[in-house]
Amino acid sequence: MKTLQDYSEDIYKCSKCGICLAACPVYEETGNEATLSRGFFTLLHGALNNKIPMNKLAKYLDYCTTCKACFDFCPSGISAEEIILAARSYFYEQGDVSAIKKSIVKIFNSTLMLKGLGASAGMYRALQGPFWMEQLGGLSSQLNLISNIVNGQTQEYIKYKPLLRVCDKKEINAVYFPGCINNYFNASVKNAAVMVCEKNGIDLHIKSGFACCGIPARSIGDVQSFINLAKHNIDQINLEKIDYLITDCATCGIVWDTYPEYLEGEYREKALLLAQKSINIYKFLTQFDIFMPNNIENNKIVTYHDPCHLKRGQKVNKEPREFLSAIPGIEFEEMKDSDRCCGASGLYFLAKSNISQSISKRKAENILNTNASIITTSCPSCKIGLSQGLSLYNKNLPVYQPVELLANNYLHSEGS
Amino acid sequence: MTVPNSISIEEVISELKLVLDKKNILTEYEERFCYAYDATAIGDELYLPDVVVLPENTEQVAQIMKIANKYKVPVITRGAGTNLCGGCITLKNGIVIHTSKLNKILSIDKENLTCVVEAGAVVEKLQQEVEELGLFYPPDPSNLKVSTIGGSVALSSSGPRCFKYGGTKDYVLGLEVVTAKGEIINVGGNTVKNVTGYNLSQLFVGSEGTLGIVTKVTLKLVPLPESKQVMLVFFDSIDDAAMAVTDIISHKITPSTLDLMDQKTMDTVEQFHPTGLPTHYDAALVIEVDGIADTISVQAKQIEEICYKNNSKDVRIAKDKKEADEIWFARRSAFGAVARMKPNVITEDAVVPRDKIPQMVKAIRKIAEKYNLTVCTMGHAGDGNLHPNFSLDLRDHDEHERLEKAVEELFDAAIELGGTLSGEHGIGMSKARFMNKVASEEVLEYMRLIKNSFDPNNILNPGKILIK
């Protein structure tokens with residue numbers, strides 16, 4: 001794992017050409033150079049050369065949503081995200097992380113606590129929370145925003161039902177990594193993924209022992225917890241029997257790709273192997289001739305938002321569109337700037353709510369300029385950003401994953 | 001001209017607080033540190049502004065200027081900070097006015113082919129918007145994705161297309177300017193023809209924020225050309241490339257772009273962004289023609305013949321958009337490729353009469369060799385404007401010193417060939433000390449008189465263009 005010091009040449013290499021100004025969604029809102037990559041590199045270079053105390057920089061680096069957009073543009077090829085994460089781990093070691101962030105991350109680091117929180121999500125559903133929350137949402141726009149985010153994360157659109165296979169069982173060892181949302185809060189996407197796979201002859205192996213992928217810990221710089229979670233997750237997998245490691249969460253996917261950088265020895269070898277097996281569900285499914293039921297009468301216009309960690313992180317952007325467009329009854333319409341950050345970025349929407357909301361609003365504007373009545377994406381965090389932006393325009397359009405739409409069609413075609 | 005003491009800057013800030021929202025006043029050391037630099041490689045020097053302000057309208061700019069004038073605090077206006085002459089460096093501290101929140105495109109007049117934009121509007125955004133209406137704003141500085149119209153006006157910037165279409169100065173019809181005293185004045189107008197007294201708008205164009213603060217710009221637009229055709233032409237010698245350029249123009253063809261890349265440039269581009277560029281040719285021309293489809297296909301053929309007649313070894317005419325994009329990608333990634341060789345890049349901007357290009361390129365190579373520096377030369381052959389990009393590490397003080405010497409010799413060479421210091425990057429702080437090489441004492445004195453009448457307290461971007 002590279003430390004901040006290891007990046008000092010990269011930091012110095014920034015020619016300050018300013019091209020990142022065009023890419024940065026945060027700078028678009030703040031207009032402040034201290035909140036974008038060129039400024040970060042200027043500051044970090046200053047700190048590494050003792051012109052600024054390093055401990056003053058955390059609050060500026062916190063502005064970054066780690067959307068990777070500037071990396072695509074950077075003529076010098078500097079990865080702001082990597083450097084910022086290295087800086088955050090330095091700040092974490094120095095104790096420069098807020099207690100609130102630490103305690104939220106603690107929940108993700110502990111399967112037990114996640115289970116507890118997940119149980120309360122179940123309770124919330126059982127007590128008709130979504131209904132009451134909606135009523136509450138009617139009272140003010142702020143409550144409506146909270147209601148939409150909470151309900152979006154907890155309401156189970158697709159409930160699992162065994163479906164009839166349309167083909168012979170395929171000899172594929174596919175392990176499914178569900179991620180925290182699927183595991184504890186809302187299994188809709190997992191249900192849909194499993195059903196779509198089963199229908200097409202692919203059995204997904206779902207390990208019960210998986211913990212959080214570790215991104216919340218890594219994003220606040222808690223590298224040790226990240227490494228512990230990485231090892232734990234790797235230990236759950238039988239390396240002899242795996243062809244694919246499937247994720248539907250953009251972030252979980254990219255994290256499996258980065259495990260090797262943080263590990264050493266045998267774990268690193270295993271992580272490298274698993275990084276090769278790791279595949280996003282749409283990239284996985286579009287390899288096959290997926291069954292499409294022809295039972296849908298009314299056409300729905302659907303648009304798609306590219307999660308940063310999927311398009312820029314895993315170079316997967318054509319596949320979800322291809323998958324969506326193949327579903328009968330769906331007309332796909334592209335939105336403008338579909339790969340611009342949605343503003344949610346993990347805990348960012350809580351930590352920097354004003355900026356997050358402004359970024360989400362721009363995203364929502366682009367969505368509302370299409371004729372779409374359903375929004376899709378492939379990341380639970382983006383789902384928050386999209387719901388947030390739409391709520392700020394008082395639009396409560398549903399946000400799903402493409403697999404949920406197909407699973408829903410399957411359910412209808414089997415008459416349930 | 002620095003602020004006399006720390007008490008007065010606090011007074012300045014407390015007065016600024018009466019004018020601006022708190023979030024638009026940046027006073028933290030770290031924030032100001034980020035504004036101590038622009039795209040110019042200045043090494044370890046630190047020129048820290050006292051405060052950075054993000055005004056949201058012209059009135060606020062006028063109020064800020066009134067406060068600055070009252071306390072005689074320097075004011076430096078900054079757009080995207082992409083200039084290469086240290087134009088935004090706060091040599092004497094003071095207030096940075098950052099135009100990031102003055103970025104609106106106010107109106108586009110399709111009937112009269114004009115538009116009005118705020119100073120912080122981004123060039124590419126304007127181009128996209130007018131192109132949707134079938135109109136065209138040609139000036140294309142290389143950082144157009146971020147660079148602002150205000151910055152373009154301040155430095156009268158241009159780009160590859162300016163051979164045919166001219167630079168920013170040819171598109172400015174009128175300006176709204178905040179003066180050193182804090183008045184809001186409107187100069188020029190919104191008509192292409194306008195002969196009413198001194199042409200003050202043109203005086204502000206290229207004045208690098210030393211005469212006033214441009215807040216709004218009325219620009220001329222032209223109809224969008226129906227189509228374009230780009231080609232990449234290789235030569236074994238730079239002389240042949242230069243002859244081909246002259247020959248193309250003497251055949252009454254006006255390409256929109258006649259850009260040049262030398263062997264080292266192609267080699268470097270291929271090293272970092274491989275697109276299959278051959279690396280053994282001495283020079284390549286990127287030629288683009290635009291206009292009516294039938295005409296340009298004839299012109300492309302003519303250019304091909306002319307190039308072969310002038311000993312071109314290979315002419316690649318883009319067959320489709322993909323190939324066209326590849327050619328432009330290679331040309332546009334040249335700077336970035338140089339930036340990947342070593343940590344710093346110094347881009348110079350000498351300009352010579354067009355027919356002196358080969359001599360100038362050879363002079364650049366000789367100087368680089370003499371001082372043991374790595375240089376990639378690219379530029380706009382049609383305009384005689386060359387950009388030698390020196391790749392180096394400024395932490396190596398010996399290399400830095402050698403560069404300083406090389407740059408001065410480079411300017412001397414350009415001047416000897418009948419050229420000058422800068423074609424499109426401006427003078428700023430980097431070249432101010434060379435002004436007496438190209439301007440007589442009388443000329444400099446007239447420039448000082450102009451500066452003094454607009455800015456008697458020398459608070460507008462002090463230390464730039466003219467050294468007192």
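Predicted model only: the values in this text are computed from it and were never measured.
For chain A, no part of B/I346 is nearby; none of its heavy atoms comes within less than 4.5 Å. Heavy atoms of A/C74 lying under 4.5 Å from chain B belong exclusively to its backbone. In this structure, chain A has no heavy atom under 4.5 Å from any part of B/F272. Neither the backbone nor the side chain of B/N103 comes within less than 4.5 Å of any heavy atom in chain A. Both the backbone and the side chain of B/K145 come within less than 4.5 Å of a heavy atom of chain A. For A/K59, the part lying under 4.5 angstrom from a heavy atom of chain B is the side chain only. Proximity to chain B is absent for every atom of A/I78, based on heavy atoms less than 4.5 angstrom apart. For B/F33, the parts sitting under 4.5 Å from any heavy atom of chain A are the backbone and the side chain alike. Residue contact with chain B, scored on non-hydrogen atoms closer than 4.5 Å, involves the backbone of A/T30 exclusively. The contact between B/K125 and chain A is made entirely by side chain atoms (from C-beta outward), counting heavy-atom distances below 4.5 Å. For A/F40, no part lies under 4.5 angstrom from a heavy atom of chain B. Of the two parts of A/F41, neither the backbone nor the side chain holds a non-hydrogen atom closer than 4.5 Å to a non-hydrogen atom of chain B.
Although no hydrogens or angles enter the test, the distance criterion places a donor-acceptor pair under 3.5 Å between the side chain of B/H98 and the main chain of A/G31.
Ion pairing between a basic and an acidic side chain is recognised when a charged N comes within 4.0 Å of a carboxylate O; A/E9 and B/R395 show such pairing.
Within the 4.5 Å cutoff, side-chain heavy atoms of B/R78 are placed close to those of A/E33. Looking only at side-chain heavy atoms (C-beta outward), B/C34 and A/Y60 stay at 4.5 Å or farther from each other. Considering only heavy atoms from C-beta on, B/N344 stays 4.5 Å or farther from A/S15 through its side chain.
In terms of heavy-atom pairs under 4.5 angstrom with chain A, the leader among B/A337, B/S147, B/G81, B/A36 is B/G81.
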